[in-house]
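Notes follow once the structure below has been shown.
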Amino acid sequence: MKNIVIQWDSGKCKTCYSCIRACKVKAIHVKNNSVFPYFEEAQCIHCGHCIAACAYHAISYFDSKEQVKAMLNSGNKVAAVCAPSIAGEFVDIADYRKFVKMIRYLGFSYVNEMSFGVDIVAAKYRELTTQNSSGKFYLTSHCPCVVELIEKSYPDLISNLLPTVTPAAAMAVILRKLHGKTLKIVQITPCVAAKNGIERYNKGINKIDAVITFKELRELFEEFKIKEAYTESSEFDMPFGYKGGLYPVAQGFVEATDLDITILKGNTQTIEGSHNAIEAIRQFKDYHDTIRSNMNIFYCEGCISGPGMSQSGNKYLKQTFTKDYVKKRLLNFELNRWYGEITQHVRYKELEVTFEDKEYKIGGSDEVKVAVMQRTLQQITEPKKGIELNCGACGYETCRSLALAVAQGIAIPEMCIPNSQLGSREAVIDMRRNTEDLEKAQERVKELEKETNTLTTKTNSLKSAFTIFIRNLNPGIVITNPELKVVDANQSFVDILGEDALEIHDVIPFLIGADLKSLIPSSLVSQLNYMMQHEEGRFVKDVEINDKLTNCTLFQLIPNQLYGIIMRNLHSKEERPEEIINRINEVIEENLRQVQQIGFILGEGAAKTEKMLNTIVETYK
């Protein structure tokens, strides 16, 4: 079963469409019923550029480490074919021979550099392009991305592809010729597309059994704790490559052919980079008779820029490392031996390959597509007064390209970022205003919280003081809520109620929470209910409690919330003089009112009566 090379985790996708902008062949689609991108395998060329573009790590490539470990543990002999790009990847390893030994520690029987395979392919290229009498020009086929691009998008150019296997597949042929057909081959490369490319070579002795990237190789070193510091030196297995070691630099392949590479006399142009590669292939197709040149094409900017490298960038620094590495490798190079090995291996039939027409076509009638395209184009340019910006922010080069993609059902109008921004700018302004209002509200809430905490502290202090005040008063006092539940009381109130109340007090101090209706006479309960209903402020009533006459003053403490009763036991020696004084004061107040009325008539007589009454009061005091 074929492994899907480019893998997507929808749970991590944020629909930023960076992958769409990175995909030059537009193999990443967005359907009308979804905002999430998906990969059209039939159109994808597996370049891996979308992986580097995705900041959320929603895109990855198939991990071959387990497959390789199983192969190494199978008992079969396994050979590693390592791309010469190692010089630009493993700059932290001072001696490449230690790097070779580290690979052997993983369990490989043979470790070969791919550069000899490059030399073989370069020799085939030299032969075809110099002995060509038909005037036919070729496109190199060593880059898997370029081959897939031509098969899927430019099938008319399939016959112009160099009919030779990749350098890694060439090494597979040579190693099986040397070590037997049962030998397993693992390619180590910075190229992600090579993982898909091996499906082309899966039957004969040019078969590659697995591909791991440099990133995966580093992970294997880490897993098995293989470090340069603990490693001896070991040379690559023969045959050794010559100028094929320059292959990671795009121009290096042509140099390995020993053809004239000058502008005036050379007949091969070297192209690198996705945009340049696509444009070169298009022009090769459209202006073939005018250009009249072979093309050496790398979809990446040379193999030192492949997505399987652990670090991107620093292209020219990596080129320098590669050049220095090749120079060191060729110091004592046996050129005659190499030439003999090239002559021995270059004629194998298994080095030839054929390519297939895999053109990807989108269905639907042209009339419908045109109508939808016109409608979409109007939709995405209307907010811009009909102007086609062609900014490319959507991932398509022009507004018409996006409109066509929408008509084909592989894009949505919302991918037009300038249009989306027009609506979002207003939303952003509103959001900022709402944010400012929210910040102000939050500040006010904090202030209210402080005020509330302060008020709560004061309230608790007042409650505590109020309780202390009540508990230390001599008359019996009870505070109740509108449900006639005891909120607070003092010891005198409990004493007035008698033994039953005292027993409850032992369990529930000061009867707090008890039902007042079951504790006081029903007449007082009726008076309290009347007070609540009519919002009367104060009542005074004498009632018998436990056969003792008790003076009760009922009052509103907090309207509709708290009510109180002050009880005085009229049989108490402490309460009696005070009560007598209160009663006399009431008599005086009543007589004063009467005297004031009579005074209008009697005049001076009223004043005399007042003096006499005051004398009585002073006597009692």
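Positions are given from 1 along the sequence. Small disclaimer: the values here were computed from a predicted structure and weren't measured.
- Side-chain atoms of S141 come within 3.5 Å of backbone N or O of T164 as a donor-acceptor pair.
- Here the CD1 atom belonging to I226 is positioned 14.0 Å from the NZ atom belonging to K98, to the nearest 0.5 angstrom.
- If you look at Y138 and Y125, their ring centroids are not closer than 6.0 Å.
- The existence of a salt bridge linking R282 and D156 is excluded, since no basic side-chain nitrogen approaches an acidic carboxylate oxygen closer than 4.0 Å.
- Without hydrogens or angle criteria, K152 side chain to C44 main chain gives a donor-acceptor distance under 3.5 Å.
- Between the side chain of D119 and the backbone N or O of Y242, at least one donor-acceptor pair lies under 3.5 Å.
- To the nearest 0.5 Å, the span separating CD1 on I188 from CD1 on I212 amounts to 4.5 Å.
- Within the 3.5 Å criterion, the main-chain N or O of Y154 finds no donor-acceptor partner in the side chain of E359.
- The closest donor-acceptor contact from the side chain of D357 to the backbone of P155 lies at 3.5 Å or more, if one exists at all.
- Counting all heavy atoms, side chain and backbone alike, I271 lies closest to A280 at CG1-CB, 3.9 Å.
- At least one donor-acceptor pair closer than 3.5 Å links the side chain of K136 to the backbone N or O of S159.
- Put simply, the side chain of N112 gets close to the backbone of D237: a donor and an acceptor are under 3.5 Å apart.
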_side-chain contact (heavy atoms from CB on, under 4.5 Å) assessment of L217 paired with T213_ = CA-CA 6 Å; L217 180 61; T213 63; over 6 Å; no
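- Distance alone, capped at 3.5 Å, is enough to place a donor-acceptor pair between the T257 side chain and the L259 backbone.
- Taking the ring centroids of H142 and Y247, they lie under the 6.0 Å cut-off.
- Closest approach of A170 to V121, counting heavy atoms only: CB-CG2, 4.4 Å.
- Remark: aromatic rings of Y96 and F90 are distant, center separation not under 6.0 Å.
- The distance from the CD atom of Q269 to the OG atom of S293 is 4.0 Å, given to the nearest 0.5 Å.
- A distance of 7.0 Å separates CG in L161 from CD in E151, rounded to the nearest 0.5 Å.
- S85 places no side-chain N or O within 3.5 Å of a backbone atom of G88 that could act as its donor or acceptor partner.
- Taking the six-membered ring wherever Trp is involved, the centroid distance between the rings of H46 and Y61 does not fall below 6.0 Å.
- Classification of E223 and K65 as a salt-bridged pair fails, no side-chain N sitting under 4.0 Å from a carboxylate O.
- Here the side chain of K26 pairs a donor or acceptor atom with the backbone of G395 at under 3.5 angstrom.
- Here the straight-line distance linking atom CD1 of I6 with atom NZ of K195 works out to 10.0 Å at 0.5 Å rounding.
- The minimum heavy-atom distance between M415 and Y396, with the atom names listed, is CE-CE1, 4.0 Å.
- Note that OG of S64 is 10.5 Å distant from CD of Q187, once rounded to the nearest 0.5 Å.
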